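Report on the following structure.
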Amino acid sequence: MAIKRYKITVVGAGFTGATTALMLAQKELGNVVLLDIPQLENPTKGKALDMLEAAPVQKFDSQITGTSDYEDAADSDIVIITAGIARKPGMSRDDLVNTNAGIVKSVCENIKRVAPESIVIILSNPVDAMTYAAYHALGFPKNRVIGQSGVLDTARYCTFIAQELNVSVEDVRGFVLGGHGDDMVPLVRYSSVGGIPIDKLIPAQRIEEIVQRTRVGGGEIVSLLGNGSAYYAPAASLVQMTEAILKDKKRIIPVIALLEGEYGYDGLFMGVPTLLGADGIEKIYELELTAEEQAALDKSADSVRAVTSAVTL
Ligand SMILES: NC(=O)C1=CN([C@@H]2O[C@H](COP(=O)(O)OP(=O)(O)OC[C@H]3O[C@@H](n4cnc5c(N)ncnc54)[C@H](O)[C@@H]3O)[C@@H](O)[C@H]2O)C=CC1
Ligand SMILES: O=C([O-])CC(=O)C(=O)O
């Protein structure tokens with residue numbers, strides 16, 4: 001039975017895209033269109049059909065359609081872009097910039113045509129620079145162009161804190177600012193477990209090790225997988241952002257946003273805490289930072305600026 005729901009298009013039906021499509025359908029957040037290149041149309045249809053056949057077992061009524069035709073994405077409420085290549089061991093995310101900028105731009109030109117009112121969430125790496133590329137190719141207002149990094153980086157950080165203390169992940173709070181690279185900034189001063197600041201619970205040296213492991217968390221998975229990058233936690237992160245928007249939850253979560261003066265940066269796309277609701281990014285929160293935190297953020301911003309400057313619009 002097809003029920004009236006939001007329409008969510010996931011572009012790129014690889015590891016992250018397919019996992020995201022299934023999680024979105026399992027949560028019945030909307031009907032899902034999974035879109036990849038024409039050469040992969042049959043495998044994309046096959047993945048979508050396979051997911052749909054899980055519906056009677058898992059009891060969800062979302063439709064899932066596999067396609068390579070952008071007309072199937074027409075009037076989507078949300079478009080999630082996972083199209084592009086992933087890194088392999090020994091590569092940095094920035095090594096993907098030239099290939100993925102071309103892919104993201106061509107995807108966005110199609111999205112602009114068929115879903116001009118959509119809110120677009122970008123995952124493709126290097127994601128800060130790809131969000132910049134998408135913003136310019138789409139020409140949408142800044143609140144409707146959002147990059148995913150902070151939900152995932154924060155999830156990794158919270159996982160490591162919960163493991164360290166052997167406590168429920170549900171009670172761990174924290175967030176990660178800055179670019180989605182090895183100099184991202186987990187904010188220790190704003191991290192707590194059950195309301196208790198983590199520096200009261202974990203020795204400084206161990207906190208520093210957790211911060212460092214978070215920074216290279218993507219690389220840790222790349223090394224273990226051997227031929228690709230993380231997809232379960234990235235997909236879960238995209239689903240959380242989509243849910244916040246479609247349910248107008250007004251969640252405060254870190255995402256990549258266009259900064260126009262906030263934190264002292266102008267014209268830069270980078271991860272900051274935001275209010276996510278029906279209009280996409282409804283607000284950016286500007287926190288007071290210590291001189292040390294601001295210096296760490298400046299370093300991360302320099303890296304984002306460098307890779308962003310490699311994108312030709
Ligand atoms: N921002 C973040 O936190 C994260 C970003 N990523 C990035 O997401 C991207 C996707 O990763 P995976 O899904 O693991 O890769 P993957 O290789 O499994 O899937 C990518 C898919 O994109 C498709 N694609 C390529 N060009 C396309 C086009 N023009 N139109 C439509 N589809 C196209 C490919 O055919 C492929 O199916 C990578 O760039 C990866 O680095 C992955 C995890 C986390
Ligand atoms: O590490 C990668 O290349 C994929 C990614 O962005 C992550 O998992 O954080």
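Note that this is a predicted model, so its numbers are computed, not measured. No hydrogens, no waters, no symmetry mates; every other heavy atom, side chains included, goes into these values. For ligands, and for the atoms within them, numbers begin at 1 and follow the listed sequence.
For the pairing with S303, the side chain to side chain donor-acceptor pair (under 3.5 Å) check across D182, D128, D183 returns one residue only, D183.
At a heavy-atom distance under 4.0 Å, only backbone atoms of A230 (N, CA, C or O) approach ligand 1. Contacts between N125 and ligand 1 below 4.0 angstrom, taking non-hydrogen atoms only, involve backbone and side chain alike. Residue-level proximity to ligand 1 for R93 is absent, since no heavy atom of it falls below 4.0 angstrom.
If you check which protein heavy atom lies closest to atom 15 (O) of ligand 1, you get A86 CB, 4.0 Å. The closest protein non-hydrogen atom to atom 25 (C) of ligand 1 is G84 N, 3.7 Å. Atom 29 (N) of ligand 1 has as its closest protein heavy atom I103 CG2, 3.6 Å. The closest protein non-hydrogen atom to atom 19 (O) of ligand 1 is G14 CA, 3.2 Å. Taking atom 27 (C) of ligand 1 as the reference point, the nearest protein heavy-atom neighbour is I37 CG2, 3.5 Å.
Residues T16 and T82 approach most closely at OG1-CB, 3.3 Å, considering heavy atoms. Annotation for H180 and L152: closest pair CE1-CD2, 4.2 Å, computed over non-hydrogen atoms. Scanning both residues, L34 and G17, for their nearest heavy atoms gives CD1-O, 3.8 Å. Heavy-atom minimum distance, V172 versus A162: CG2-CB, 4.0 Å.
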Please tabulate, one pair per line, all N/O donor-acceptor pairs under 3.5 Å involving side-chain atoms of residues 43-58, not counting sequence neighbours.
| from | atom 1 | to | atom 2 | distance (Å) |
| --- | --- | --- | --- | --- |
| T44 | OG1 | L40 | O | 2.6 |
| K47 | NZ | A13 | O | 2.6 |
| Q58 | OE1 | Q26 | NE2 | 2.5 |

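Around atom 2 (C) of ligand 1, the closest heavy atom drawn from V127, V151, L123 belongs to L123. When the options I85, T82, V107 are ranked by their closest heavy atom to atom 39 (O) of ligand 1, first place goes to I85. Taking each of D128, T16, T131 in turn, the one with a heavy atom nearest to atom 12 (P) of ligand 1 proves to be T16. The residue among T20, I121, D36 with a heavy atom at the shortest distance from atom 35 (O) of ligand 1 is D36.
Every residue two or more places apart in sequence or in another chain was checked for a side chain to side chain donor-acceptor pair (under 3.5 Å) with D94, and none qualifies.
With a 4.5 Å cut-off between side-chain heavy atoms of Ile, Leu, Val, Met, Phe, Trp and Tyr, the cluster of L275 takes in I252, Y285.
For F15, a nitrogen or oxygen atom sits less than 3.5 Å from a nitrogen or oxygen atom of ligand 1, counting backbone and side chain alike. Ligand 1 has no N or O atom lying under 3.5 Å from any N or O atom of Y70, backbone or side chain. Considering backbone and side-chain atoms together, Q148 places an N or O closer than 3.5 Å to an N or O of ligand 1.
Under a 4.0 Å criterion applied to the non-hydrogen atoms of P234, ligand 1 contributes the atoms 43 (C), 44 (C). Those atoms of ligand 1 that come under 4.0 Å of a heavy atom in L40, given as number and element, are 35 (O).
For ligand 2, the protein residues placed under 4.0 Å by at least one non-hydrogen atom are R87, R93, N125, L152, R156, H180, G218, V222, S229, A230.
If you look at Y135 and F269, their ring centroids are closer than 6.0 Å.
Inter-residue side-chain proximity for L29 and V239 is flagged as met; some heavy-atom pair is nearer than 4.5 Å.
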